[in-house]
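Have a look at this one.
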Amino acid sequence: MRTSQQLKSDLLAINHKSYPAYKSLSGRYQFDSYCLSIDHVQGDPFAAPSKVHLEIDGKTAAFAPHLYDTTPKRIALQDYLTRRFGQELRRISKKAGGSGKSGVIYSSQCCQEILERSCCEICPATGALLFRLEIGFPANGRSINSPELIKILFDLLPDCVERSLFARRLPKQELLDVEALCEDQQFIRSELKRLHLSAFVGNGAILPRMSGVSQLPLKGAVAFESPKSMEVTLSLPHHGPLAGMGIPEGITLIVGGGFHGKSTLLNALEMGVYDHIAGDGREYVITEASAFKLRAEDSRYISSTDISLFINDLPGRRDTKSFSTQDASGSTSQAANVIEGIESGASLFLIDEDTSATNFMIRDQLMQRVISDQEEPITPFISRVRALYEYSGISSVIVAGSSGAYFHVADTILQMKEYKPYDITERAREAAADFPAIHTEGLTYALPTFSRCPKAGSGLTGFDRMKIKVLGKDSIQINKSSIDLRYLEQLADTEQLSALAYLLTCGAKHYFRSGRSLIQVVDLLEQQIEAKGLASLADSSYLPANLARPRRQEIFACLNRCRELTFSYSNAR
Ligand code: ADP
Ligand code: MG
């Protein structure tokens, strides 16, 4: 390893030279309290910024081991440090400059959810800290401006690091608060299992968000308050007793007039699969971590999914035990989403009628009388929802403001009224007694085998270099093919989409082999992340700074939407 003084003299020696001379700086340099590694130097000042990382040894970072002795706590601490570093960066941004991206310094921008990110990694064994960032190496036109880079590397950056990545410089209480909140959240997660709850919504929670473009809590919102009949009080290790609404496993219906807060509650449950930072309002909204939002998704790609649980005898005798289409309808897409959700291991489905295909959700009495069951290919969700729970242990929370049909099949019925939930289970059941029930006699229930095997097409394998592009939270593009992910509403951050793109390319390179099922492929990908970290997904000499771990459910969903993957059944079924 070279010294920082050597780096400084090398930098001075290349001042005013043409930009590629920066390439000679790749390598590792010892600074006073950390090692700086220049991993990849950009080709010109307008290209993507250069990749560097910092290594701080455990003794110097000096975080008390109890702050990171479990995986969730380690992720919460990494998240906190990434946020702190980001705050410090904002203070110094634009203090160095030049052409193009000269002088920019990027690290991950965190969202309201606490995610595992490749930006910051703490070694569980030693407490050593690794921090990845991107720096636009400064230039005037195409000639090197090394005094500006010296300013960044020797003045601005050390100051940022000093103020945000060393325990001794951080407010001790804040570190303890991060740990305490994390332990409380993990406690609620374990209580869900013990008490057979699908979700917990703490009293006082703020569910609505500021706007469609801001995930900050809505100011002046009505705080959540559980109906007394559904209230459970949990004894959190730090917060102490906390009362809130426990949504029992089974089938839960959320009804109520328009604009009374039904979708807002469901959205909070969707994001409750993640832990939230203090001040978010949803700190104590905790949902079973595998919960999967089901919705209609017109025009999505489907390959060899067995949707026969819901759809049979399509016109033209199309096979629905291995259904494929480049352009799904509302009902076939939602049916595929259910089946693929089960394949991914989801044990809770979240459904909003606002975003569902009506003919997938219900079929009313009058329609049944006019169009006989034999003429209707769709077995609606309402006829399957109880069997899903009773035979497969999969619960559902369904928002249904306009149809009372689900009253018959629900275990719990909530009414949202002016943003407050009321338990109307008994009243609604009594009212429903006068109406004919859903008949499910004669329906057999059998889940598919889930032995589908993915095979990568030339769009994934036919390129030496994978070109990856991420378009916000909407889609990813790999080489020339684009994967539409905009309807995966539980993706919290664009960095998760970057990680999905790398997962797909890593899968194409190493794991999609004949005879290996989709479930086995996802298992292998997740094992690799566990063993070697997120950044190991990239094959390049430097590791990407901007990946956030997606859930298993979204990994499945992404692979299922990739038009360059075709699925087939290896063994005779
Ligand atoms: P619904 O699905 O019942 O039609 P929404 O959940 O879409 O209703 O909510 C309607 C509006 O009310 C939204 O703009 C939302 O931000 C707002 N809202 C929801 N919950 C609250 C609350 N607790 N306090 C204040 N406003 C809320
Ligand atoms: Mg709604």
Side-chain angles (χ1 to χ4, degrees), residues 111-113 198-228 230-231 242-247 251-273 276 278-287 291-298 330 334 337 348-362 381-382 385 396-407 410 412-425 427-428 486-490 492:
C111 56
Q112 296 296 100
E113 288 75 23
S198 291
F200 175 82
V201 185
N203 287 349
I206 299 299
L207 307 187
R209 301 293 98 190
M210 190 110 86
S211 72
V213 290
S214 166
Q215 285 299 302
L216 295 174
L218 179 68
K219 290 207 177 76
V222 178
F224 188 85
E225 198 187 315
S226 171
K228 279 284 168 257
M230 293 177 70
E231 198 166 276
L242 174 67
M245 179 171 80
I247 298 181
I251 294 145
T252 304
L253 201 59
I254 303 173
V255 300
F259 300 101
H260 281 268
K262 303 183 296 297
S263 298
T264 302
L265 171 58
L266 195 80
N267 292 150
L269 295 177
E270 286 162 26
M271 297 320 274
V273 298
H276 287 89
D280 173 81
R282 297 168 296 182
E283 295 91 315
Y284 304 114
V285 180
I286 303 286
T287 310
F292 189 57
K293 172 78 178 279
L294 283 181
R295 56 170 294 161
E297 203 179 330
D298 288 35
Q334 204 162 355
N337 288 348
L348 172 64
F349 285 139
L350 303 170
I351 302 176
D352 194 331
E353 65 173 3
D354 289 357
T355 52
S356 290
T358 312
N359 58 345
F360 176 77
M361 294 303 291
I362 48 167
F381 192 73
I382 194 168
V385 65
S396 294
V397 176
I398 303 163
V399 170
S402 64
S403 161
Y406 274 85
F407 287 155
T412 308
I413 304 168
L414 278 176
Q415 178 184 359
M416 291 303 288
K417 200 161 140 191
E418 304 196 0
Y419 317 131
K420 289 214 156 89
Y422 296 84
D423 179 359
I424 59 160
T425 309
R427 186 159 67 82
R486 83 188 65 199
Y487 294 122
L488 298 181
E489 296 169 85
Q490 290 167 289

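Keep in mind that this is a model prediction, so the values were computed, not measured. Numbering of ligands and ligand atoms starts at 1, following listing order. We count residues from 1, following the sequence as given.
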### Query
Hey, is ligand 1 close enough to Val222 that some N/O pair sits below 3.5 Å?
yes

### Sub-4.0 Å heavy-atom approach of His260 to ligand 1
yes

### Query
Tell me: protein heavy atom nearest atom 25 (C) of ligand 1, and distance?
Tyr419 CE1, 3.5 Å

#### Entry: Side-chain donor-acceptor pair present, Glu270, Asn267, cut-off under 3.5 Å
yes

### Task
Examine ligand 1 and decide if any of its atoms is less than 4.0 Å from a heavy atom belonging to Leu218.
yes

### Query
Is there a nitrogen or oxygen of Ser263 sitting under 3.5 Å from a nitrogen or oxygen of ligand 1?
yes

### For atom 8 (O) of ligand 1, closest protein heavy-atom neighbour
Gly261 N, 3.2 Å

### Summary
So the atoms of ligand 1 within less than 4.0 Å of a heavy atom of Gly258 turn out to be 4 (O)

### Message
A quick test of your reading: do over 12 heavy atoms of other residues, nucleotides or ligands sit less than 6.0 Å from CD of Glu489?
### Response
yes

### Message
Using a 4.0 Å cut-off to any heavy atom of Gly257, which atoms of ligand 1 qualify?
### Response
3 (O)

### Query
Going by an N to O cut-off under 4.0 Å, is there a salt bridge joining Arg295 and Glu353?
no

### Query
Does some non-hydrogen atom of Gly256 fall short of 4.0 Å from ligand 1?
no

### Query
What is the OG(Ser263)-the Mg ion (ligand 2)-OD2(Asp354) angle, to the nearest 10 degrees?
90°

